[in-house]
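Because only heavy atoms are used, hydrogens play no part in the values below, and waters and symmetry mates are left out as well, while side chains stay in. Chain naming here is simple, since letters A, B, ... match the order of the sequence lines and numbering starts at 1 in each.
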There are 2 protein chains.
Amino acid sequence: MSQESLHPQLSSIEIETELKKAGLRPTVQRCIISDYVLNHAEHPSVETIKTWVDKHYTGISLATVYNTVHALESAGLVHAIRFDHSDKVFYDTNTTLHHHFLDEKTGELIDIDPDKIEVNAKLPEGMSINEISVLIRGERA
Amino acid sequence: MSQESLHPQLSSIEIETELKKAGLRPTVQRCIISDYVLNHAEHPSVETIKTWVDKHYTGISLATVYNTVHALESAGLVHAIRFDHSDKVFYDTNTTLHHHFLDEKTGELIDIDPDKIEVNAKLPEGMSINEISVLIRGERA
DNA sequence: GCATTTTTTTAGAATCATTCTAAACTACCG
DNA sequence: CGGTAGTTTAGAATGATTCTAAAAAAATGC
Ligand SMILES: [Mn+2]
Ligand SMILES: [Mn+2]
Ligand SMILES: [Zn+2]
Ligand SMILES: [Zn+2]
């Protein structure tokens with residue numbers, strides 16, 4: 001199974017649809033940012049997004065990048081995640097439960113399908129589980 | 001097995017010893033802060049530490065709290081950790097590999113002994129594992 | 001002990017990520 | 001059109017953290 005199967009990419013047309021569905025006007029800025037975040041990036045930070053946007057377009061403000069990721073988050077299209085190795089927030093396109101592999105050499109963060117990781121927890125009495133997330137640190141050949 | 005068994009507490013005397021062993025002078029400020037962090041707190045943030053310190057002593061600066069947790073971190077006596085639910089760094093006294101349970105009601109973060117959680121990962125070719133950490137979100141009765 | 005040197009502490013400034021504000025702009029609607 | 005609501009924007013504000021440079025304390029050497 002390829003990596004992409006975890007991240008079904010939306011076409012540019014579908015971006016507009018998703019934005020509208022979420023009650024957001026598909027403005028030119030939102031479409032550009034959302035297309036990058038939802039279709040082309042993996043776990044980007046706001047800085048990553050802004051850098052990409054600046055390289056490909058002109059005049060999109062940092063405030064709009066923040067506004068847009070917040071809007072996408074409220075719409076449930078991305079999740080905000082944090083890791084020990086950075087003080088930045090990363091945005092995860094994959095909003096279904098999954099795990100992560102952090103390549104400690106490159107800093108790359110890779111999704112791991114939940115059925116690739118089996119977790120068996122014997123918790124103390126009275127602890128109920130809502131969600132389990134696993135972070136594996138390692139290296140890729 | 002009690003929670004404490006995961007966090008062998010050092011006596012106040014041992015704090016001085018640990019600081020010296022790490023090449024740090026056991027100054028009064030460092031002893032106070034380190035005793036709180038290593039013996040009495042669990043996963044405190046700098047804010048938590050400063051608040052506690054201010055309540056029990058006078059004239060210890062925020063800069064010294066930062067300096068001290070950084071010194072403890074360099075000495076390997078604590079680990080810095082971050083979670084999705086907060087933009088603050090938390091300091092973990094338990095420097096051996098272990099997992100965490102986050103009580104989503106109270107925000108409390110509880111250590112889970114690694115032999116209470118079994119993880120079985122089938123990673124793609126070429127990914128080697130250095131470390132696995134599990135975060136369980138849920139509620140305590 | 002006292003002078004010298006080194007380490008530590010400190011207040012406040014600086015930085016960095018993020019959020020807020022308020023004004024300019026754009027889209028939609030009657 | 002003209003009004004209204006939604007959006008973008010620059011820059012200010014905030015909050016966590018780091019830096020700076022000077023004062024204080026501790027160690028060292030006579
Ligand atoms: Mn990034
Ligand atoms: Mn705290
Ligand atoms: Zn992911
Ligand atoms: Zn812990």
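Rounded to whole Å, the distance from NZ on K50(B) to P on dT17(D) is 14 Å. Note: NZ (K20(B)) to C1' (dT7(C)) measures 16 Å, nearest angstrom. Rounded to whole angstrom, the span from the OH atom of Y91(A) across to the C1' atom of dA17(C) amounts to 10 Å. Atom CG in L72(B) sits about 12 Å away from atom P in dT8(C), given to the nearest Å. Remark: C1' of dA26(D) and CD of E16(B) are 14 Å apart, rounded to the nearest angstrom.
With sequence neighbours excluded, the residues satisfying side-chain hydrogen bond (donor to acceptor under 3.5 Å, both in side chains) with K21(A) are E18(A). Applying the salt bridge (charged side-chain N to carboxylate O under 4.0 Å, His left out) criterion to D54(B), with sequence neighbours excluded, gives K50(B). Judged as a ring-ring contact (aromatic ring centres under 6.0 Å, His included), and not counting sequence neighbours, H99(A) has no contacts.
Residue pairs meeting the side-chain hydrogen bond (donor to acceptor under 3.5 Å, both in side chains) criterion with at least one partner in residues 132-141 of chain B, sequence neighbours excluded, are N130(A)-E139(B), K105(B)-E139(B), E108(B)-R140(B). Contacts classified as side-chain hydrogen bond (donor to acceptor under 3.5 Å, both in side chains) and involving residues 55-65 of chain A (residues at least two apart or in different chains) are given here: W52(A)-H56(A), S61(A)-T64(A).
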| message | Using a 4.0 Å heavy-atom cut-off to protein, can you give one letter per nucleotide of nucleotides 7-16 of chain D, 5' to 3': B if the base is in contact, S if only the sugar-phosphate is, - if neither? | response | SBBB-----S
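When H43(A), H79(A), H85(A) are each tested for a ring pair (Phe, Tyr, Trp, His ring centres under 6.0 Å) with H100(A), only one passes: H43(A).
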